[in-house]
Amino acid sequence: MSSERRAPLDRRRVADTALRLLNEVGLDGLTLRVIARELDVKAPALYWHFKDKQALLDEMATEMMRQMTAELTALSAGDWREALRLMMGGLREHLLRYRDGAKVYAGTRFTDLSYAEPMEAGLRTLTDAGFTPPAAARAWFTAYSYTIGYVIEEQAMGPDPATGADGYDLDARGERLAAQPLAAQAGYEMFRDHQAGFEAGLAAVVEGIALTLRER
């Protein structure tokens with residue numbers, strides 16, 4: 001018998017394994033059975049820790065948040081506009097590290113309070129800049145929702161940031177939309193250079209926040 005002992009199976013280990021597999025199989029291919037095979041256990045063993053796939057996604061999103069916490073908290077100081085841009089840019093960067101990362105993250109319920117420190121720091125930057133607490137909450141959630149939505153679309157359109165594969169054929173799209181030239185040309189703005197597109201959209205969101213929420 002081997003003297004090596006297998007690491008105990010716990011929620012953190014399962015979530016870490018699931019995140020590692022995510023880049024290989026994507027969200028649709030990530031099943032408890034696939035994870036169990038990677039861990040060399042029977043699938044029912046995972047149900048001691050997660051009642052269903054959604055519970056696992058909640059833990060995966062929480063683990064992603066744990067990885068972000070220190071960095072996002074550090075980015076929250078300074079001018080509120082720049083702080084918001086840096087925090088949302090940092091969130092996008094972390095989500096892009098995983099195939100379908102934004103889909104995993106969206107709509108999940110965190111299993112611990114790892115999200116609280118960066119959120120508190122971001123809201124504090126806004127209230128220190130003159131936002132009321134309700135306006136700060138709305139400003140933060142608006143920028144956050146834009147970021148999550150943008151990355152979901154970005155990852156769906158490709159190329160896959162984890163592998164560089166696929167991507168939208170914009171020339172073929174333009175040919176299909178030859179009778180609608182504005183719509184055809186729009187594709188090159190919307191689906192090429194995601195980094196520039198994200199920053200331009202976020203800048204518009206931030207300026208809209210400044211006009212509609214800061215003095216509310």
Side-chain angles (χ1 to χ4, degrees), residues 27 57 61-62 64-65 67-98 100-110 113-159 161 167-168 170 173-174 177 180-216:
L27 183 56
L57 292 178
T62 302
M64 293 166 70
M65 186 72 248
Q67 297 170 13
M68 298 181 212
T69 295
E71 184 176 332
L72 295 185
T73 301
L75 291 174
S76 64
D79 174 76
W80 74 267
R81 287 178 175 85
E82 184 63 14
L84 206 53
R85 284 193 290 264
L86 286 173
M87 290 188 75
M88 296 307 140
L91 173 59
R92 172 177 173 268
E93 178 184 333
H94 279 274
L95 295 176
L96 287 175
R97 293 177 185 177
Y98 299 100
D100 297 326
K103 286 184 179 179
V104 170
Y105 199 80
T108 53
R109 298 187 177 186
F110 295 122
L113 295 178
S114 55
Y115 69 91
E117 187 175 352
M119 183 177 182
E120 180 73 13
L123 293 173
R124 180 64 60 192
T125 297
L126 291 167
T127 54
D128 287 349
F131 287 77
T132 65
R138 181 55 53 195
W140 181 89
F141 191 65
T142 298
Y144 173 87
S145 298
Y146 163 76
T147 302
I148 297 296
Y150 189 96
V151 180
I152 287 175
E153 289 295 323
E154 178 179 2
Q155 292 186 312
M157 300 309 297
Y168 205 166
L170 295 176
R173 178 185 182 276
L177 293 172
Q180 295 81 32
L182 291 176
Q185 188 61 34
Y188 293 95
E189 176 65 25
M190 294 186 295
F191 306 125
R192 186 171 60 188
D193 196 347
H194 294 300
Q195 177 72 33
F198 172 77
E199 291 175 357
L202 182 59
V205 169
V206 170
E207 289 310 308
I209 287 170
L211 290 172
T212 61
L213 291 174
R214 191 178 183 190
E215 302 300 329
R216 194 176 80 175

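Atom set for the values below is all heavy atoms of this structure, side chains included, hydrogens, waters and symmetry mates excluded.
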(request) Hey, could you give me the CG/OG1 distance between Leu84 and Thr147, rounded to the nearest 0.5 Å? (result) 8.0 Å
(message) Working to the nearest 0.5 angstrom, can you tell me the gap between His194 NE2 and Glu153 CD?
(response) 10.0 Å
Taking only distance into account, with no hydrogens and no angle test, what donor-acceptor pairs under 3.5 Å do side-chain atoms of residues 196-205 form with protein atoms, sequence neighbours excluded?
from	atom 1	to	atom 2	distance (Å)
Glu199	OE2	Gln195	NE2	2.6

(message) So, using side-chain contact (heavy atoms from CB on, under 4.5 Å) as the criterion, who are the partners of Arg109 when residues are at least two apart?
(response) Asp58
(message) Could you tell me if the side chain of Trp80 sits less than 4.5 Å from the side chain of Val206, heavy atoms only?
(response) yes
(request) Could you pull out all residues at least two apart from Thr142 that satisfy side-chain hydrogen bond (donor to acceptor under 3.5 Å, both in side chains)? (result) none
(request) For Leu95 and Met68, run side-chain contact (heavy atoms from CB on, under 4.5 Å): C-alpha distance rounded to whole Å, both residues' side-chain angles, the deciding distance at 0.1 Å, then the answer. (result) CA-CA 10 Å; Leu95 295 176; Met68 298 181 212; 4.2 Å; yes
(request) Name all residues meeting the salt bridge (Lys or Arg N to Asp or Glu O under 4.0 Å) criterion together with Arg173; count only those two or more places apart in sequence or in a different chain, and write none if there are none. (result) none
(request) Could you check Met87 against Thr125 for side-chain contact (heavy atoms from CB on, under 4.5 Å), going step by step and ending with a plain yes or no? (result) CA-CA 11 Å; Met87 290 188 75; Thr125 297; over 6 Å; no
(request) Would you indicate whether the side-chain heavy atoms of Leu91 and Val151 approach each other to under 4.5 Å? (result) no
(request) Name all residues meeting the side-chain hydrogen bond (donor to acceptor under 3.5 Å, both in side chains) criterion together with Thr62; count only those two or more places apart in sequence or in a different chain, and write none if there are none. (result) Thr111
(request) Kindly write out the residues that satisfy salt bridge (Lys or Arg N to Asp or Glu O under 4.0 Å) with Glu207, not counting sequence neighbours, or none if the list is empty. (result) Arg81
Please tabulate, for side-chain N and O atoms in residues 180-190, each donor-acceptor pair with protein atoms closer than 3.5 Å (sequence neighbours left out).
from	atom 1	to	atom 2	distance (Å)
Tyr188	OH	Leu170	O	3.4
Tyr188	OH	Asp171	OD1	2.5

(request) Can you sort out the partners of Tyr115 under side-chain contact (heavy atoms from CB on, under 4.5 Å), two or more places apart, ordered by chain and number? (result) Met65, Phe110, Leu113, Met119
(request) Please step through side-chain contact (heavy atoms from CB on, under 4.5 Å) for the pair Tyr98 and Met64, ending with a clear verdict. (result) CA-CA 10 Å; Tyr98 299 100; Met64 293 166 70; 3.9 Å; yes
(message) For a 4.5 angstrom cut-off between non-hydrogen side-chain atoms, does Leu213 reach Leu126?
(response) no
(request) List in chain and number order the residues that pass side-chain contact (heavy atoms from CB on, under 4.5 Å) with Ala106, two or more places apart in sequence or in another chain; answer none if no residue qualifies. (result) Ile148, Ile152
(request) Look at the rings of Tyr144 and Trp140 and say which category their plane angle falls in: under 30° parallel, 30 to 60° tilted, over 60° perpendicular. (result) parallel
